[in-house]
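So you know, we letter chains A, B, ... as the sequences are listed, proteins then strands, and number each from 1. Since the structure is predicted, the reported quantities are computational estimates derived from the model, not experimental observations.
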Number of protein chains: 2
Amino acid sequence: MISRKTKYALQALGRLADNPAGEPVLIADLAERDGIPRKFLEAILVALRKGGVLQSRVGRGGGYLLAAPAGEITLARIVGILDGEFAPLPCLSGTHPTRCDECSDLDACGARLVMAEVKQAVSHTLENITLADLVERSRAERNRRRNLVDFSI
Amino acid sequence: MISRKTKYALQALGRLADNPAGEPVLIADLAERDGIPRKFLEAILVALRKGGVLQSRVGRGGGYLLAAPAGEITLARIVGILDGEFAPLPCLSGTHPTRCDECSDLDACGARLVMAEVKQAVSHTLENITLADLVERSRAERNRRRNLVDFSI
DNA sequence: TTAAAGTCTACAGATATTGTAGACATAAAG
DNA sequence: CTTTATGTCTACAATATCTGTAGACTTTAA
C-alpha cells in the first residue's frame with residue numbers, strides 16, 4: 001500500500017525525530033544507516049521540505065532537521081506528501097475527484113459507498129499517529145526486551 | 001489504493017448480487033453495463049471463480065453467479081484475490097513476509113510498528129463489509145432520493 | 001578560496017498494470 | 001451430430017508508475 005518512497009521517508013524521519021533538536025543530519029548518513037539509495041532519498045527529503053515537514057541547511061555543517069515537533073507530524077501528512085492523497089477510488093479523491101466514465105449515478109454507486117468507509121477508516125488511523133508515536137513505540141519495544149534480559153540474568 | 005481490477009470486480013459483483021439467485025449473467029452484459037473492457041473483465045471473473053467467490057456455467061445459457069450468499073462475501077476476500085493480501089510494508093505480509101535488507105531489528109522498527117496499526121485498521125474494515133452491504137447501501141441511497149422527490153411533488 | 005553540503009533537471013531501467021487477440025473447450029438446442 | 005453460444009486459456013502489447021542514477025549548480029562555513 002505505501003510506496004518504497006514513503007517507507008524510506010518513515011525510516012529517515014524516525015532517525016531525525018530521534019536526533020537532538022537543532023542538530024542537522026546529513027543525507028548521506030541517513031541513506032547509509034538504512035540502506036537507502038542516496039539520490040533517491042535526496043528527492044524524498046526535498047519533497048518533505050517543500051511539504052513543510054523538514055527544514056534544511058545548505059553548506060558546511062548543514063543537513064536536515066524536522067520543521068516541527070515530532071508529535072505534530074502525522075502519518076497522514078507524510079503519506080500525503082509522498083504518495084499523494086489517499087483515495088481508494090478516483091471518484092473519492094478530495095482534491096482531484098474523477099468520475100468513472102460509465103458512472104450514471106455517482107452517489108448511489110455501491111463500490112463507492114463501501115470504499116468511502118474504507119477511506120474514512122484509513123484516514124482516521126493515519127491522522128492519529130505521529131512521528132512521536134513511531135519513535136516511542138520503537139523505544140518501548142527495545143525497553144521491553146531489555147527488561148526481559150535483565151530478569152533472565 | 002485499490003486497482004482498477006478490483007474496482008471493476010466490485011461493480012460486476014454488485015450486479016451479480018442484485019440478480020435473482022440461480023440466473024447466470026453474461027460476461028458481455030456485465031462488461032457493457034459498466035463500461036469495462038470485456039477481455040479484462042473476463043480475467044477478473046476467472047480469478048474470482050478460482051478464489052471461490054463465483055461459479056460459472058459454460059455453453060448456451062451459461063454465465064456467472066455468486067458462489068455464496070452476498071452477505072458471506074467480504075471485501076477483504078475480494079481485494080485479497082485480486083490485489084493480493086493487503087500489506088502496507090513487505091515485512092508485514094502474512095503470507096510472504098519479506099524483511100528489509102538493512103533491517104537489523106525487525107520488531108523494534110518504528111515504521112513497521114505504526115504501519116502494523118494501519119494494516120489492522122484496514123483489515124478490520126474490509127472484513128466487516130460484505131457484498132450485501134454494498135448492494136444495500138446503494139438501494140438505500142436510491143430510496144432516500146425517491147422519498148425526497150415524493151415529498152417535493 | 002576551497003570544500004562540504006543541499007538543489008535541480010533530465011533521464012534510464014525495472015516493474016506492474018491494463019488492455020487485446022485469437023485459438024480452444026464445453027454445453028445446450030435443434 | 002452439427003451449430004451456436006458461451007466461458008477458458010495462453011501469449012502478448014501498450015502504458016503507466018515507481019525506482020534509481022548522473023551530473024552540473026548553488027549556497028554556506030572555515
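Atom pair A:M1:CE and C:dT17:C1' shows a separation of 19 Å (rounding to whole Å applied). Put simply, CD1 on B:I44 is 15 Å from C1' on D:dG7, counting in whole angstrom units. As rounded to whole Å, 14 Å separates atom P of D:dT6 from atom CG of B:L65. Here D:dT8 presents its C1' atom at 15 Å from CG of B:L26, a figure rounded to the nearest Å. In this structure, the CZ atom of A:R49 is 13 Å from the C1' atom of C:dA5, given to the nearest Å. Following rounding to the nearest Å, B:D34 (CG) and C:dT18 (P) show an atom-to-atom distance of 16 Å. Atom CG of B:L41 and atom C1' of C:dT20 are 14 Å apart (whole Å).
Within 6.0 Å of atom CD in B:E32, 12 or fewer heavy atoms from other residues, nucleotides or ligands are found, so the atom counts as exposed in its surroundings.
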Protein-nucleotides 18-22 of chain D N/O pairs under 3.5 Å:
{"unit_1": "D:dT19", "atom_1": "OP1", "unit_2": "A:R4", "atom_2": "N", "d": "2.8"}
{"unit_1": "D:dG20", "atom_1": "OP1", "unit_2": "A:R4", "atom_2": "NH1", "d": "3.4"}
{"unit_1": "D:dG20", "atom_1": "OP2", "unit_2": "A:Y8", "atom_2": "OH", "d": "3.2"}

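Across B:R15 and B:D34, no two heavy atoms sit closer than the pair NH2-OD1, 2.8 Å. The two atoms that bring A:P24 and A:G62 nearest to each other are CB-O, 3.6 Å, heavy atoms only.
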Evaluation steps, salt bridge (charged side-chain N to carboxylate O under 4.0 Å, His left out), between A:R145 and A:E141: CA-CA 6 Å; A:R145 281 196 311 226; A:E141 170 63 19; 3.7 Å; yes
Trace of the side-chain contact (heavy atoms from CB on, under 4.5 Å) decision for A:L45 with A:L54: CA-CA 7 Å; A:L45 297 180; A:L54 291 178; 3.7 Å; yes
CA sep, side-chain torsions, deciding dist, call: A:E85, A:K119, salt bridge (charged side-chain N to carboxylate O under 4.0 Å, His left out): CA-CA 10 Å; A:E85 184 207 11; A:K119 172 176 176 167; 3.3 Å; yes
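Contact annotation: A:K50 side-chain N/O to C:dG6 OP1/OP2 distance is not under 4.0 Å. Contact between the side-chain N/O atoms of A:S56 and the OP1/OP2 oxygens of C:dT7 is found at a separation under 4.0 Å.
Hydrophobic cluster membership differs between A:Y8 and A:L26, with clusters built from Ile, Leu, Val, Met, Phe, Trp and Tyr side chains linked at under 4.5 angstrom.
Between A:R57 and A:R60, the residue anchored closer to the 5' end of DNA chain C is A:R60, taking for each the nucleotide with the nearest heavy atom.
Within 4.0 Å (heavy atoms only), A:L45 reaches no atom of the nucleic acid at all.
Of the candidate nucleotides C:dG6, D:dC9, D:dT8, D:dT8 has the atom nearest to the side chain of B:Y64.
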